[in-house]
Structure formats: C-alpha cells, structure tokens
Number of protein chains: 2
Amino acid sequence: MLSVLLVEDDQDLADTIIEYLELEQISCHYASNGVAGLHLAEENRYDVLLLDLNLPRLDGLTLCRKLRDQGDDTPVLMLTARDELDDKLDGFRAGTDDYLVKPFELQELVVRIFALSRRRSGEAKKLSCADLEMNLQNHTITRQGTSIKLSPIGWKLLEVLLRASPGAVSRQELMEKVWGDDLPDSNSLKVHIFNLRKAVDGSFEPPLVHTITGHGFALSADKPV
Amino acid sequence: MLSVLLVEDDQDLADTIIEYLELEQISCHYASNGVAGLHLAEENRYDVLLLDLNLPRLDGLTLCRKLRDQGDDTPVLMLTARDELDDKLDGFRAGTDDYLVKPFELQELVVRIFALSRRRSGEAKKLSCADLEMNLQNHTITRQGTSIKLSPIGWKLLEVLLRASPGAVSRQELMEKVWGDDLPDSNSLKVHIFNLRKAVDGSFEPPLVHTITGHGFALSADKPV
DNA sequence: GCGAAGGTTAAGGGCAGGTTAACGGAGGGG
DNA sequence: CCCCTCCGTTAACCTGCCCTTAACCTTCGC
C-alpha cells in the first residue's frame, strides 16, 4: 500500500483528493500549511509528496527545496492553479519531479503518483553492473554469460549493492536492508561479503566488489584507487 | 552530458526538438518510426526516451511496453497531440513515466527530461572546490578527473573543509567535527593535514589547502592573503 | 635571533577487514 | 520419523592498513 503526504490549504479539495486516494488504496496523511507539512515529511517516510504551490506559512517550492537540502529525495508532485511556464521551471529547479495544473482529473493524479513511486522503488526487472546481470524475474544471476549461484542472503546483499551501484552503501545501511531490525553479530556481514566475493569475483576480472574502509562497500567496474 | 532517444514521425517537429536539445547540452539520437526506435533503444543506453504516441509501424505505447517486458527501465516521456484522459491512463499503464501534450514549450520538455534522468541516476550529491570534486554518493574524490584515495579521517577532514569552503575552519572546530568528543594529542591533526596535502595538492596546481596561522585551515583556489 | 606554530618523517600498536572452520537449525527426501 | 544437506551464524585467527605518537626540522612573527 502506498503512502503519500498531501499539503494543501483548500480544505474541500483536500477532502476530495484524500477520499479518492483511499479508494485507490493509497494511504494519505494531510497538512493544511507548509510548516506542518515539513514536520510530517521529516518524521515519516512517504512514497510521494503532493504539494500545493501556494501554502500558508511556507510555500510548496520552499518546502521542496528545504527537503532536498536535507537530503530527502522523496518524489514531489506539485499541484497548482498556475499554468505559467516560469512557475513550472522554478518548480523543477527546486527539485520537483512532476507538475500538475488544477483543475486536474483525479485519475491522472493517481497514475502519476504510481509512476513516481514505481520509479523510486525500482520496478526494474533486471539489475546490472558491467558484465554482471541479475534477472529479478526468473531469479538468475549471470556474469559473462555463465550463471552464478547465491544463497538467499547473498542474493539480497548483491541486490542492495546493485541498486546503489555505482554508489557506495554503508555497513549499517547494508545490514538494515538485508536483515531488517534484528541484526546478527557484526561478523556475519564479513562472512557474507567474503562469500559474495568468491561467487561474483572469484573467477572473473575485474573485481566488482570494492571495500571502502571505514564506511562500507560498493559495486563498480572500475576500481576506486 | 545527457543522452536521449527521440522517436517522432513529424520531421519538422523532430528537427526543432533536436536543435533545441543540443543547445541544452542534451545529445539526441533520432528515429522516425517505431521499429527503428525499438532497435536503437535495444542497442544503446539512453537517459530518457521521448516517444510519440502515433508512430508508423509500431506505436509509442507498444514500443514502451515491449521495452518494459524486456526489463528495460529507461524513463519514458510520451509526446502526443491527444489530450484524452484515457490515453494518458493507457500510457502510464504501459510503463510511461511522464506525458506531455502537444503543443508544448520546449523549455518544459527540457526540465522534465532533467527531472526524469535525475531521479533515475539518484541525483549524486557532490561537494567541490575548483577542480577538486567529492562525490558523496559514490564515496569518490577526483581532481582534474583523476581519482584520489583518502583514509577515513582524511575523508572527513576534507569534507568539513569543503563544506566551509572558501571559508576557514579553526583547528578546534576541525577537530571536534572529525573526532567528536575524545580528541587525540594535538599532533594528530598536523599529520592528517600533511597527508591530506600530499593527496590533494601533491601532484596538482595550484595548492588548495591553505594554512591560516594561529587559527586553522581553509580550502580555496586562490591563496588567502 | 629566539620562541612558538606549523611541517615532515618514521615506528609501533591497535583495529577494521579477510579468512577459515565448526556448530546448529531448517527443510526436504527417503 | 530420521537423516542428510544446505545455509546462517559464530568464534578465532590472521593480515595489512591506519591512527597515533614522538622526535626533529622549518617557517613565521616579533
């Protein structure tokens, strides 16, 4: 079930939207002004943020910019009555992902919400890095055409690394994504990384799994010297 | 530089778009029918695909669906003259990410392309000073394009200096930000600054790390008096 | 020219990461 | 119902790198 935050000062419109979204199985938090919206966005994790441009206390553009500056990359869909090109350009410059002009069809809002959240959660059917390829559909991994076998945890580990590739993943983040809340003794990660290396880099060149001392690991074709 | 694929049968419109995109530093491949577009999309890697809905031989919707079935998750922006809600819904159902109705402003097309590609590439957060660049996402540092390796403390040191750049940071502040509460003997900072200089300024000009006698250090391209 | 602040160098100890093997539980097949 | 296999965890050990330290040198300010 998707979860979105709606920040909109027009109470009637907000009610209509919320009601419609609930019908589509989208859970909806609500704030009627920018400051309240910012607090909610900071405290909770949403799939998409729906921001009105004109808001009391803190306008949608500034709100979006603040979140981006804090490193929050939740997709933002800006709702506004103004169809001026300059407004749109400003919106995208502030880090907005999409822009919908009122009045709009609720159905269009819904599909755009799905499109934004889908892109974020990565509905990709394949993940790859150099000649390594993970096929999520038939649950296979190949490198240079030859198939690779991994244990469940090894799989999950590789998936997290692939999704972040070529970015790095900190040890803590890696462990949270693989094990969830109850973490095993820290040694476990070392062993699994070791096994992953043996499977992925064991008989291939160049090595793809790289250690970033004091931080975590990364998957990439070229070695960060 | 971004790279996009435009599939559009209206030659005049295509020329206009391509010309404008090139001005914005977006490289553009082009196909005038769906089948050719599919081939190009399969063979090359693009940041965004711009598909016309009505195409000879293979319409944009089917093209998009085919690519998605193959596991290709390149963002798709559908261009079309039809402003019917049902068409949009079909588009998003086929795996489209955005939908722009002709006639549209070229500037809006450009910002939407940037928004889609940014979302996909994960908007790398970077800090920089002159030709020195720290990529927080990949945990890499480059100067003049060549990569630089730093120890964890060296990294942290440089990060603090970069965030303050071109301002100065006092010794005390620097040490607090790097080590937290339990500080080592004061000599340690000297050694780490020395190593940082060796890595960052060792084989480059001009030196970026500057000493401010009696105060601390600063990072900047031009030497402070 | 003197003292203090900063720069340079090398050595050693500790710790993060790598490697290996053994234990134990879960799940499937006989 | 038992056995076997596979997999995750754990502990123990090894290795190499990084941080620290101390000692000495250079530069700067006065």
Side-chain angles (χ1 to χ4, degrees), chain A residues 139 141 147-161 168-203 207-219 223-225, chain B residues 139 141 147-161 168-203 206-220 223-225:
Chain A
H139 220 263
I141 301 172
S147 88
I148 289 176
K149 181 171 161 16
L150 284 183
S151 67
I153 287 200
W155 176 279
K156 187 73 187 161
L157 213 51
L158 183 60
E159 184 183 339
V160 174
L161 287 171
V169 189
S170 74
R171 284 168 167 278
Q172 177 167 356
E173 196 182 337
L174 206 49
M175 294 186 69
E176 278 169 6
K177 294 225 169 121
V178 172
W179 281 278
D181 283 331
D182 58 355
L183 309 175
D185 258 26
S186 63
N187 233 359
S188 214
L189 180 61
K190 291 201 291 189
V191 177
H192 283 291
I193 287 283
F194 175 68
N195 289 326
L196 185 63
R197 275 209 172 96
K198 206 161 50 178
V200 171
D201 292 334
S203 42
L208 298 179
V209 182
H210 303 288
T211 306
I212 295 161
T213 311
H215 184 257
F217 299 91
L219 216 64
K223 180 184 221 157
V225 177
Chain B
H139 238 263
I141 301 171
S147 86
I148 289 175
K149 181 172 159 36
L150 285 182
S151 68
I153 286 199
W155 175 279
K156 188 78 187 154
L157 213 51
L158 183 60
E159 185 182 341
V160 174
L161 287 170
V169 188
S170 75
R171 284 169 165 278
Q172 175 162 359
E173 195 183 337
L174 207 47
M175 294 187 68
E176 278 169 6
K177 293 227 169 118
V178 172
W179 280 277
D181 283 330
D182 58 354
L183 309 175
D185 259 26
S186 64
N187 229 1
S188 213
L189 180 61
K190 290 201 291 189
V191 176
H192 282 291
I193 287 283
F194 174 69
N195 288 325
L196 185 62
R197 275 208 171 95
K198 203 160 53 178
V200 171
D201 291 335
S203 42
L208 298 179
V209 182
H210 302 288
T211 306
I212 295 161
T213 310
H215 178 69
F217 300 90
L219 214 65
S220 93
K223 191 175 203 160
V225 187

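Note that these values count all heavy atoms, side chains included, but never hydrogens, waters or copies made by symmetry. Every value quoted in this text rests on a predicted model; they were computed, and no experiment measured them.
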TODO: Heavy atoms of chain A, cut-off under 4.0 Å: which first and last nucleotide of DNA chain C, 5' to 3', fall inside that, if you could look?
DONE: C:dG17 to C:dT20
- [ ] Determine the contact category for B:I153: base if any of its heavy atoms lies under 4.0 Å from a base atom, sugar-phosphate if only primed atoms, P, OP1 or OP2 are that close, otherwise nothing.
- [x] sugar-phosphate
Task: Passing option when B:L157 is tested against B:K177, B:M175, B:H192 for side-chain contact (heavy atoms from CB on, under 4.5 Å) - done: B:H192
- [ ] Could you tell me the separation between the CD1 atom of B:I193 and the P atom of D:dC19, rounded to a whole number of Å?
- [x] 13 Å
Task: Pairing residues for B:E176 by the salt bridge (Lys or Arg N to Asp or Glu O under 4.0 Å) criterion, not counting sequence neighbours - done: none
Open item on the list: Just to verify, what does A:K156 make a salt bridge (Lys or Arg N to Asp or Glu O under 4.0 Å) with, not counting sequence neighbours?
Closed with: none
Task: Derivation of the side-chain contact (heavy atoms from CB on, under 4.5 Å) call for A:F194 and A:K190 - done: CA-CA 6 Å; A:F194 175 68; A:K190 291 201 291 189; over 6 Å; no
- [ ] Could you encode protein contacts along nucleotides 21-30 of chain D as a string, one character per nucleotide from 5' to 3', using B for base contact, S for sugar-phosphate-only contact and - for no contact, with a heavy-atom cut-off of under 4.0 Å?
- [x] BBB-------
Task: Under-4.0 Å side-chain N/O to phosphate OP1/OP2 contact, A:H192 with D:dT9 - done: yes
TODO: Specify the separation, in whole Å, of atom CG of A:L150 and atom C1' of D:dC6.
DONE: 14 Å
Open item on the list: Counting the atoms with a prime plus P, OP1 and OP2 as sugar-phosphate, which does A:K149 contact under 4.0 Å by heavy atoms, base, sugar-phosphate, or nothing?
Closed with: sugar-phosphate
TODO: Describe the nucleic acid contact of B:W155 in one word from base, sugar-phosphate, nothing, applying a heavy-atom distance below 4.0 Å.
DONE: nothing
Open item on the list: Can you tell me if A:W179 touches the phosphate of D:dT9, counting only side-chain N or O atoms and a distance under 4.0 Å to OP1 or OP2?
Closed with: yes
Open item on the list: Among residues at least two apart in sequence or on other chains, which ones pass ring pair (Phe, Tyr, Trp, His ring centres under 6.0 Å) with B:H215?
Closed with: none
Task: Full working for side-chain contact (heavy atoms from CB on, under 4.5 Å) between B:L196 and B:L161 - done: CA-CA 11 Å; B:L196 185 62; B:L161 287 170; 4.0 Å; yes
Task: Rounded distance in Å - CG (A:N195) to C1' (D:dC6) - done: 13 Å
Open item on the list: In the structure I gave you, are the side-chain heavy atoms of A:P207 and A:R197 within less than 4.5 Å of one another anywhere?
Closed with: no
TODO: Report the distance from atom CZ of A:F217 to atom CG of A:L189, rounding to the nearest 0.5 Å.
DONE: 5.5 Å
Open item on the list: Could you tell me how far apart B:M175 (CE) and D:dC19 (P) are, to the nearest whole angstrom?
Closed with: 14 Å
TODO: Just report the end-to-end axis angle for the helix from C:dG1-D:dC30 to C:dG30-D:dC1, five pairs per end, to 10 degrees.
DONE: 30°
- [ ] Assess whether side-chain contact (heavy atoms from CB on, under 4.5 Å) is satisfied between A:L219 and A:L158, documenting all intermediate values.
- [x] CA-CA 9 Å; A:L219 216 64; A:L158 183 60; 3.8 Å; yes
TODO: Show your reasoning for whether side-chain contact (heavy atoms from CB on, under 4.5 Å) applies to A:L150 and A:E159.
DONE: CA-CA 11 Å; A:L150 284 183; A:E159 184 183 339; over 6 Å; no
TODO: Tell me, yes or no, whether the heavy-atom count around B:Q172 atom CD, taken from other residues, nucleotides or ligands under 6.0 Å, exceeds 12.
DONE: no
